[in-house]
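In what follows, every chain begins at residue 1, and chains take the letters A, B, ... in the order their sequences are listed.
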Number of protein chains: 2
Amino acid sequence: MGTQETKERILDAAERLFAEQGFAGTSMRAITTAAGANLAAVNYHFGSKESLIDAVFTRRIRPINEERLEWLDRLEAEGDPSVEQIVEAFLAPPLRVSQDPVEGQSLLHVAQMIGHATSRPDSRIKEMLVHQFDTIIERFTRALSRQLPEVNHAQLLWRFLFMVGSMAHTMAISKDIKGYTRGLCDPNDVDGLIDAMVPFVAAGFRAPVPVGDSK
Amino acid sequence: MGTQETKERILDAAERLFAEQGFAGTSMRAITTAAGANLAAVNYHFGSKESLIDAVFTRRIRPINEERLEWLDRLEAEGDPSVEQIVEAFLAPPLRVSQDPVEGQSLLHVAQMIGHATSRPDSRIKEMLVHQFDTIIERFTRALSRQLPEVNHAQLLWRFLFMVGSMAHTMAISKDIKGYTRGLCDPNDVDGLIDAMVPFVAAGFRAPVPVGDSK
DNA sequence: GTACGATTTAAACAAACGTTTGAATCAGGA
DNA sequence: TCCTGATTCAAACGTTTGTTTAAATCGTAC
């Protein structure tokens, strides 16, 4: 049959190149060459480079956000979840999806791409992100607020932002973490990374609110 | 005389445009037009666009890192600083330098630019960052390790990375924070931002290390 | 005033970019 | 076999990119 074989190859190649070289740094020619397709294939299948970026991004972020919500649903069905559990439900899905089940090693392409996208100057992607994360932010801040009644809403949003920052930045530079830390930190050990990140973020959420900011 | 007047104007314009549109998204023509200079001025004064990026970045990051080290020196001269104090010495300088003393409001161009730079795919800037932060990382991790003897070195590096991520990401998207948080968080209130960020990060540093990671 | 290095200017450069075109090729049903 | 729609292909499109060039202009010391 060959159901959209070229389309899939383009998405895979674009995802890898976007992760490695960023969106602006990746040309249509580089994508189609890596995908073994003709230059015009992207415009034929996706319409434009911008639409391709959307497609590459949405293909990954939607399942990630669905898994986040399912994870949180499961936790709340079992009782009232701890801050650590809520944080893990937010952080683990995007990190786990980066593990290549075929190669065994973690390529982290998805993670790097998401990291780049979150700090992109382009406003179009920003709007997409805001929309994609609308439900996520509401559900997770509400769950966290239940466990942290002494943290007002503004402070909770700040801390949520700091968590996203820790995650996104770690993802974005994951390829170079070994260089930064002289090999001491291994970004391919996803479970170890989650085990390091969850306590850090959870403790941050539990921190006493600054004085003079009572609400 | 006109001591390098054009050169300064180009640096200012480039900094603003880099912050607003990223490095790849800003053309030489946009920079020189905004600076009121001729197109060839950048190549004449800086050699190339890449060198201009270096110049724009270095002009800001060097004083920031110097202030970080001076701040830490001062703290250590007064006694042994708390985690909160060390964290503040790292976070405050890049956030404060963003405040425009003339306009009164915080334009945060520097912060945004730094945020973009830290998640840049380009390896050249990465090397520059690693080199610029070499001393910083060593001094600050050593100071933190003295207050946190139960946190092993690998975990400390992870947490340092998470701190940088929170900072860089907040800087990168500072322009859109009000949109993300429906106006509840104001990135122009730099003191309030620091007051929110320092307790979060400090609590993260103090968090108990994950089990099975004793070293 | 004249000469000279520093700077600015307009113009053009080659290269790379995303996109479009129209013919060639493919697959499957009538 | 022929037809039809989907896909692929090589080629070219018009822009935009960063950079270079050579002449024009400026500022200053002689």
Side-chain angles (χ1 to χ4, degrees), chain A residues 1-59 113 116-117 120-125 128, chain B residues 1-59 113 116-117 120-128:
Chain A
M1 183 85 63
T3 54
Q4 313 285 31
E5 193 187 326
T6 310
K7 216 170 165 179
E8 286 292 322
R9 279 207 319 275
I10 290 176
L11 284 171
D12 291 337
E15 180 176 291
R16 181 173 61 83
L17 292 171
F18 286 156
E20 290 170 358
Q21 317 177 31
F23 298 106
T26 304
S27 68
M28 306 276 273
R29 285 165 178 81
I31 294 169
T32 49
T33 300
N38 185 269
L39 168 61
V42 169
N43 292 92
Y44 176 76
H45 285 286
F46 299 94
S48 67
K49 184 185 181 182
E50 289 288 275
S51 301
L52 172 63
I53 295 176
D54 285 0
V56 170
F57 195 83
T58 304
R59 176 174 72 147
M113 189 191 62
H116 293 155
R120 237 178 88 106
D122 187 325
S123 62
R124 216 200 68 269
I125 284 234
M128 190 174 69
Chain B
M1 183 94 53
T3 55
Q4 314 286 30
E5 194 188 323
T6 310
K7 216 169 164 179
E8 287 292 322
R9 278 208 318 276
I10 289 176
L11 285 171
D12 291 337
E15 180 176 293
R16 181 173 61 82
L17 291 170
F18 286 156
E20 290 171 357
Q21 317 177 30
F23 298 106
T26 305
S27 68
M28 306 275 273
R29 284 163 179 83
I31 295 169
T32 51
T33 301
N38 184 270
L39 168 61
V42 169
N43 292 91
Y44 176 78
H45 285 286
F46 298 93
S48 66
K49 184 185 180 182
E50 290 287 274
S51 301
L52 172 63
I53 295 177
D54 286 0
V56 171
F57 196 82
T58 305
R59 175 173 74 145
M113 191 190 59
H116 292 156
R120 235 178 89 106
D122 188 324
S123 62
R124 217 200 67 269
I125 284 234
K126 287 244 180 74
E127 286 172 18
M128 189 176 70

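Between the NE2 atom of A:H45 and the C1' atom of D:dC9 there is a distance of 12 Å, rounded to whole Å. Taking atom CD of residue A:Q21 and atom P of nucleotide C:dA16, one finds them 14 Å apart after rounding to whole Å.
Legend: residues meeting side-chain hydrogen bond (donor to acceptor under 3.5 Å, both in side chains) with B:T58, ordered by chain and number and at least two apart, are absent. A search for side-chain contact (heavy atoms from CB on, under 4.5 Å) contacts involving A:A30 returns A:L17, A:S27, not counting sequence neighbours. Residues that satisfy the side-chain hydrogen bond (donor to acceptor under 3.5 Å, both in side chains) test with B:N38, not counting sequence neighbours, are absent from this structure. Every residue two or more places apart in sequence or in another chain that forms a side-chain contact (heavy atoms from CB on, under 4.5 Å) with B:L11 is listed here: B:E8, B:F46, B:L52, B:A55, B:V56, B:R59. Residues meeting the side-chain contact (heavy atoms from CB on, under 4.5 Å) test with B:T33, sequence neighbours left out: none.
Residue B:T6 places no side-chain N or O under 4.0 Å from the OP1 or OP2 atom of C:dT7.
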Just the table, please: protein N/O against nucleotides 16-20 of chain D N/O, every pair under 3.5 Å.
| residue | atom | partner | partner atom | Å |
| --- | --- | --- | --- | --- |
| D:dG18 | OP1 | B:K49 | NZ | 2.7 |
| D:dG18 | OP2 | B:M28 | N | 2.9 |
| D:dG18 | N7 | B:R29 | NH1 | 3.0 |
| D:dG18 | O6 | B:R29 | NH2 | 2.9 |
| D:dT19 | OP2 | B:N43 | ND2 | 3.3 |
| D:dT19 | OP2 | B:K49 | N | 3.0 |
| D:dT19 | O5' | B:N43 | ND2 | 3.4 |

